[in-house]
Amino acid sequence: MNIKTNYYKYLLLMVITITLNACTSDLDQDPRDDSVFIDEEFYSDPASYEQAIAGVYGNLSLTGLTGPTSSNIGGLDAGTSQYGRGIMNMQIFTTDEIVWTYINDESGFIDDLQTSTWTGANTIIRGFFSRAMFSVALSNEFLRQTTDAKLDSRGVTGELRTEIASYRAEARLLRALAYYHLMDSYGRAPFYTENDPVGNLQGPEFNRSELFEFIESELTAIESELADPRQNEYGRADKGVAWAILAKMYLNAQVYIDQDRYSDCITYCERIINGGYTLANNYKDLFRGDNDINQAANEIIFPLVADGQFVQNFGPTTVMTNGAVGSIEQNGANLGVSAGGWGGAIRIAPQFSEKFDGTDFDNDDRNTIIKEERTPEITNITDPGTGFVLEKFTNVTTTGETGTDPNNTFSDVDFPLFRLADIYLMYAEASLRGGGGNAGTALGYINDLRNRSNAATITSGDLTLDFIIDERARELYWEGHRRQDLIRFGLFSGGAYNWALKGNSQNGISIPGFRDLFPVPDAARAANPNLGQNPGY
């Protein structure tokens, strides 16, 4: 399967199926296609099962059926409802990692995220909730169409039957991934499986503990049916992806379910580390236009794929690249996009830039901060001339070629949702929190990362939790981890750590603890009265 070239075609088929046969009240789907097909006609072709699972994957990158500006979720535009863009909006824009002059024109919903003033009416918050729930719906429909009874009735046997079992495990993993993101961001969600009747069903609410239990049980149940680490096609899920989700859950279990699961985090980190992944030799190669085929592919555990030709989308790597160029008003050739980039300029909070202060980081490849002729303070959010700038993602390959989009807008850079460097940092943190890891091994992993980026190495006395939170910022900025990390360290809400615009203040002020969770979108609650609301909203 060429997972990139198949995305559009087969997401179309899956959207039509889900719209006709398995709608839920939590989604307003618009297939925007006049062709209607019958399930049994589609699945009469043995190749249809591979095509259908490609459609489920397609929802992680695409937003609609007629190109990058379309959206198959009613009332939401393509940028608001893209899966990776949702992760960027929730995990990055609410922190010190980014400031964007573009505030969604008259709506101000990006501004609400940056100033910690969001409400349940925010369409960006609704966008990620709806896209994740659509991922659940697509997964469930694939599972409905591949039951033993369905396959028996279609005479599916032999090798194809075995392949379908693997596809089913991947569909269950993608559903668990969506519920993981819902659990992390909203703490509750409507719950649906393939066993629910089709139609206008209002699913029961699962709270954080119930979601945690479901995700954990699902991922452990399907482990044996997933491909071994790095043995599946690039861009598809394997055991390593399941382990990465579990490791993340266990590292954050104190936040999610008030339980210490650090030893479990270490167990799954070790499985990944021993699973055949290797660090890319060059840090910057991880974020280039050919990171699906260069050495970065050995480090990336699971990507959200992008392609300037086949998978055009306004996802995080497109936004980050065009926005970085717009910040410094330069020709975009060095980042592989059109001259001038976008008018909406991306900067960073001055507090984030301080993570790279000191001679230890003078030659650090991760230190892409541009300070020349700029001031660190952002006195006006809409002024692109203030604030330091970062350049991380570049739509240029390791051989110097620009992206495949002839208009130099859409990025070829895959978004690394999980990668080995993060696992190294998680192992070290869980060890420091009492999970039972080896201190020497943890130190070695940290220095492996620092050697790779040409930063100064550290000694055992330097390896503290305070060091870890800053090192995670240096290694993983703009990769969708920051909000979760700050919450785990008690630095997101409250006043222990303030950054520019936090609490709608130029220098940052304390915000209440209820903002550690986002509100359940008003539109979702109106559609499904089973959904409650998080305290404070």
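The structure displayed is predicted, hence computed values, not measured ones.
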> Can N313 and S61 be said to form a side chain to side chain donor-acceptor pair (under 3.5 Å), step by step?
Replying inline: CA-CA 7 Å; N313 63 75; S61 295; 4.7 Å; no
> Would S81 and S71 count as having a side-chain donor-acceptor pair, cut-off 3.5 Å?
Replying inline: yes
>> Set out, in order, the CA-CA distance, both residues' side-chain angles and the distance that settles side chain to side chain donor-acceptor pair (under 3.5 Å) for R131 and N72, then state yes or no.
In response: CA-CA 9 Å; R131 182 58 62 185; N72 50 34; 3.1 Å; yes
> Between Y57 and F302, how do the two ring planes meet: parallel, tilted or perpendicular, split at 30° and 60°?
Replying inline: tilted
>> Run the salt bridge (charged side-chain N to carboxylate O under 4.0 Å, His left out) test against D522 and tell me which residues pass, sequence neighbours left out.
In response: none
> Once the angle between the rings of Y186 and F129 is folded into 0 to 90°, is it parallel (under 30°), tilted (30 to 60°) or perpendicular (over 60°)?
Replying inline: perpendicular
> Would R175 count as a cation-pi partner of F134, with NZ or CZ less than 6.0 Å from the six-membered ring centre and within 45° of the ring normal?
Replying inline: no
> Mind checking whether F518 and W118 have parallel, tilted or perpendicular rings, split at 30° and 60°?
Replying inline: tilted
> Does Y262 have any ring-ring contact (aromatic ring centres under 6.0 Å, His included) partners at least two apart in sequence or in another chain, and if so, which?
Replying inline: none
> Between Q202 (side chain) and A527 (backbone), is there a donor-acceptor pair under 3.5 Å?
Replying inline: yes
> What about the rings of Y83 and H181, do their centers lie closer together than 6.0 Å?
Replying inline: yes
> Residues two or more places apart in sequence or in another chain: which of them pass salt bridge (charged side-chain N to carboxylate O under 4.0 Å, His left out) with K355?
Replying inline: none
> Under 30°, 30 to 60°, or over 60°: which ring-plane class applies to F514 and Y537, parallel, tilted or perpendicular?
Replying inline: perpendicular
> Heavy-atom count around Q533 CD within 6.0 Å, excluding the residue itself: above 12?
Replying inline: yes
>> Cation-pi check for F489 against R433: NZ or CZ below 6.0 Å from the six-membered ring centre and within 45 degrees of the axis, yes or no?
In response: yes
> Where does the angle between the aromatic ring planes of F352 and Y477 fall among parallel (under 30°), tilted (30 to 60°) and perpendicular (over 60°)?
Replying inline: perpendicular
>> Parallel, tilted or perpendicular, judged at 30° and 60°: which one describes the rings of Y268 and Y250?
In response: tilted
